[in-house]
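Inspection log for the structure reproduced underneath, given as structure tokens.
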There are 2 protein chains.
Amino acid sequence: MPPAAAFETNATKARPRGRPRKSQEERDDGNRRQALLRAAAKLFRRKGFAATTTRDIASAADMRSGSPFYHFKSKSALLYAVMEEGMTNALERQHEVLLHPDYAKLPPQDQLRQLIGVHFDVLLGPGNDFVPVMLYEWRSLTAIQRKAMRQLVQNYEGLWLPVLQALHDCEFLVAPVGIARLLLLGALNWSVQWYDPRKDASLNDLSDAAIQLFIKAQ
Amino acid sequence: MPPAAAFETNATKARPRGRPRKSQEERDDGNRRQALLRAAAKLFRRKGFAATTTRDIASAADMRSGSPFYHFKSKSALLYAVMEEGMTNALERQHEVLLHPDYAKLPPQDQLRQLIGVHFDVLLGPGNDFVPVMLYEWRSLTAIQRKAMRQLVQNYEGLWLPVLQALHDCEFLVAPVGIARLLLLGALNWSVQWYDPRKDASLNDLSDAAIQLFIKAQ
DNA sequence: CCTACCGATCGGTAGG
DNA sequence: CCTACCGATCGGTAGG
């Protein structure tokens with residue numbers, strides 16, 4: 001069995017193309033899968049993977065208990081799909097930053113500030129439950145899923161190294177680059193546990209504070 | 001029903017004092033409860049609370065499936081007991097540091113270094129599964145347990161404020177003290193996710209790197 | 001995508 | 001602390 005089979009969804013081999021929904025308003029199909037993903041992300045984040053039932057998810061997506069398995073072959077495949085969606089989006093958003101024509105002209109501390117801003121938004125922005133699930137549900141992945149996800153995460157973490165190295169070179173960062181990256185991303189990722197948009201500072205102020213804390217310059 | 005009832009263990013009202021074990025070697029009783037706590041901490045950390053069965057725990061403590069409920073009234077009470085044990089120990093260890101006669105004479109960056117060192121040890125030291133469970137299983141607590149645990153955590157976090165304020169006063173820390181504490185503790189807490197004693201730096205080197213990263217001085 | 005269902009497992013308990 | 005057990009729930013499936 002090829003590794004990819006572990007993440008297969010039934011929808012790929014049996015998409016009901018061209019069959020219109022019978023509901024009062026004709027919505028485009030295929031958004032049902034998205035609805036499941038969104039519902040799952042929200043519930044996995046709030047209650048955790050093991051404590052969320054497929055019935056919870058079905059209900060949140062306005063389906064009956066058996067229906068999620070029409071779109072995903074297992075609860076586990078649904079978890080993986082949530083995480084993959086989150087990481088793909090996060091990578092895209094950071095690539096937009098890195099490839100922007102002005103980015104290269106910025107001093108490294110401003111480059112880092114941009115990465116941090118996007119990272120906070122991916123973690124804490126409204127409706128962004130996908131990456132938090134990825135961060136906190138590693139344990140629930142199968143070994144083979146974990147291996148595939150590690151690839152995506154390593155790509156993402158790798159994006160941070162050049163700017164951290166540049167900061168190290170001009171002594172705005174003294175700690176070893178590798179450990180600094182682990183501690184820095186940890187500080188950001190942990191915000192998922194405490195950040196409350198109604199009480200805490202804005203994501204911009206948060207990003208500024210992070211720069212102040214980590215970088216030896218103003 | 002008084003709040004404390006939620007955390008009650010059966011052992012307190014029915015400790016089999018004076019009744020010797022029937023096994024070949026007479027071990028002191030009461031260590032059975034500790035064995036359960038340790039087994040639960042280890043399993044909760046590795047698999048998560050919801051994915052761990054009380055049968056897993058019983059088996060790891062060399063008991064049969066029903067026996068954990070002789071010592072703890074519910075799986076949930078067992079989780080709370082694990083967390084409480086972890087936080088009590090962490091608070092004790094930090095108090096030892098703070099009350100040491102030499103501590104007050106240290107410059108603030110060295111004071112912080114000491115707190116960080118103990119924190120890493122509480123999180124990453126061998127067999128220290130209790131605090132990691134506390135950090136990553138908040139969701140699994142009942143509302144009433146969460147409230148009680150929040151008290152302990154606030155006590156612990158409060159220990160860090162004076163030294164952070166001192167560092168802020170001498171401009172070794174520029175970020176707002178409140179946010180700095182959240183980010184700093186997040187960086188440390190996240191280490192639970194990646195630290196591998198066989199591959200990564202020693203806890204001492206880790207602590208040094210953290211000081212380098214967070215403090216604007218050497 | 002729904003209905004109806006199965007087999008397995010799980011937290012917890014009675015009674016000793 | 002064990003034995004034997006219960007009621008509920010859960011992931012998943014057949015058949016339409």
Side-chain angles (χ1 to χ4, degrees), chain A residues 6 8-24 26-37 39-40 43-44 47-80 140 142, chain B residues 6 8-24 26-37 39-40 43-44 47-80 140 142:
Chain A
E8 231 174 61
T9 67
N10 297 327
T12 46
K13 60 180 174 187
R15 193 79 71 80
R17 269 274 176 255
R19 176 165 65 86
R21 301 290 309 291
K22 295 179 273 286
S23 60
Q24 67 290 15
E26 47 179 8
R27 10 182 97 192
D28 58 322
D29 214 23
N31 72 344
R32 303 281 61 210
R33 188 178 185 274
Q34 269 296 318
L36 278 172
L37 275 178
L43 288 164
F44 287 161
K47 312 188 359 174
F49 173 74
T52 301
T53 69
T54 55
R55 284 165 170 81
D56 289 338
I57 298 167
S59 173
D62 209 32
M63 296 177 187
R64 301 311 176 86
S65 66
S67 302
F69 298 97
Y70 170 75
H71 294 279
F72 298 92
K73 69 180 302 198
S74 68
K75 187 188 179 189
S76 179
L78 183 45
L79 173 65
Y80 185 85
S140 305
T142 66
Chain B
E8 231 175 61
T9 66
N10 297 328
T12 45
K13 60 180 172 187
R15 192 81 69 83
R17 268 274 174 257
R19 175 165 65 87
R21 300 291 310 290
K22 295 179 274 283
S23 59
Q24 66 290 15
E26 47 179 9
R27 12 182 96 193
D28 58 323
D29 216 23
N31 73 343
R32 303 280 62 209
R33 188 177 185 275
Q34 270 296 318
L36 277 173
L37 276 179
L43 288 165
F44 288 161
K47 312 186 6 172
F49 173 74
T52 301
T53 70
T54 55
R55 284 166 170 81
D56 289 338
I57 298 167
S59 173
D62 209 33
M63 296 176 186
R64 302 309 175 86
S65 66
S67 302
F69 298 97
Y70 169 74
H71 295 278
F72 298 92
K73 69 181 301 198
S74 68
K75 186 188 179 190
S76 178
L78 182 45
L79 173 64
Y80 184 85
S140 306
T142 67

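Residue numbering restarts at 1 for every chain, and letters A, B, ... go by the order of the sequence lines.
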Exercise for review: Look at the side-chain N and O atoms of B:R64 and state whether any lies under 4.0 Å from the OP1 or OP2 oxygen of D:dT3.
Suggested key: yes

Which pair of heavy atoms, one from [X] and one from [Y], lies closest together, and at what distance?
| X | Y | result |
| --- | --- | --- |
| A:A50 | B:A51 | CB-N, 3.9 Å |
| B:S140 | B:F49 | CB-CD2, 3.4 Å |
| A:P68 | A:T54 | CG-O, 4.0 Å |

Grab the [atom1]-[atom2] distance between [X] and [N] for me, whole Å please.
| X | N | atom1 | atom2 | value |
| --- | --- | --- | --- | --- |
| B:L79 | C:dG11 | CG | C1' | 14 Å |
| A:D56 | D:dT9 | CG | C1' | 11 Å |
| B:L78 | C:dC10 | CG | C1' | 15 Å |
| A:K47 | D:dT9 | NZ | C1' | 12 Å |
| A:L43 | D:dG11 | CG | P | 12 Å |
| A:R32 | C:dC1 | CZ | C1' | 10 Å |

Point to revise | Shortest side-chain distance from A:H71, nucleotide among D:dC1, C:dT3, C:dC1 | key: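 Closest nucleotide to the A:H71 side chain: C:dC1.
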
Point to revise | Selected nucleotide, minimal atom distance to A:T53 side chain, candidates D:dT3, D:dC1, D:dC10 | key: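 Closest nucleotide among those given: D:dC10.
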
Let me confirm one number: the [atom1]-[atom2] distance from [X] to [Y], rounded to the nearest 0.5 Å.
| X | Y | atom1 | atom2 | value |
| --- | --- | --- | --- | --- |
| A:L78 | A:F44 | CG | CZ | 4.5 Å |
| A:T52 | A:K75 | OG1 | NZ | 6.5 Å |
| A:N31 | A:L37 | CG | CG | 11.5 Å |

Exercise for review: Specify the residue among A:M63 and B:A51 whose closest nucleotide of DNA chain C lies further upstream toward the 5′ end.
Suggested key: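 Between the two, 5'-proximity favours A:M63.
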
Check your understanding: Do A:R32 side-chain atoms and A:A61 backbone N/O form a donor-acceptor pair below 3.5 Å?
Key -> yes

Check your understanding: Of A:S67, A:S65, A:S59, which is the lone residue that meets side chain to side chain contact (heavy atoms under 4.5 Å, CB included) with A:M63?
Key ->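 The residue from A:S67, A:S65, A:S59 that satisfies side chain to side chain contact (heavy atoms under 4.5 Å, CB included) with A:M63 turns out to be A:S67.
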
Study note, to complete from the structure: Its dot-bracket string being built from Watson-Crick and G-U pairs below 3.5 Å, with | for another strand and [ ] for crossing, DNA chain D has the pattern ||||||||||||||||

Close N/O contacts between protein and nucleotides 12-16 of chain D (under 3.5 Å):
| from | atom 1 | to | atom 2 | distance (Å) |
| --- | --- | --- | --- | --- |
| D:dG12 | OP2 | A:K75 | N | 2.7 |

Check your understanding: Considering residues at least two apart in sequence or located in another chain, which fulfil the side-chain hydrogen bond (donor to acceptor under 3.5 Å, both in side chains) criterion with B:T53?
Key ->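 Per chain and number, B:T53 pairs via side-chain hydrogen bond (donor to acceptor under 3.5 Å, both in side chains) with B:D56.
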
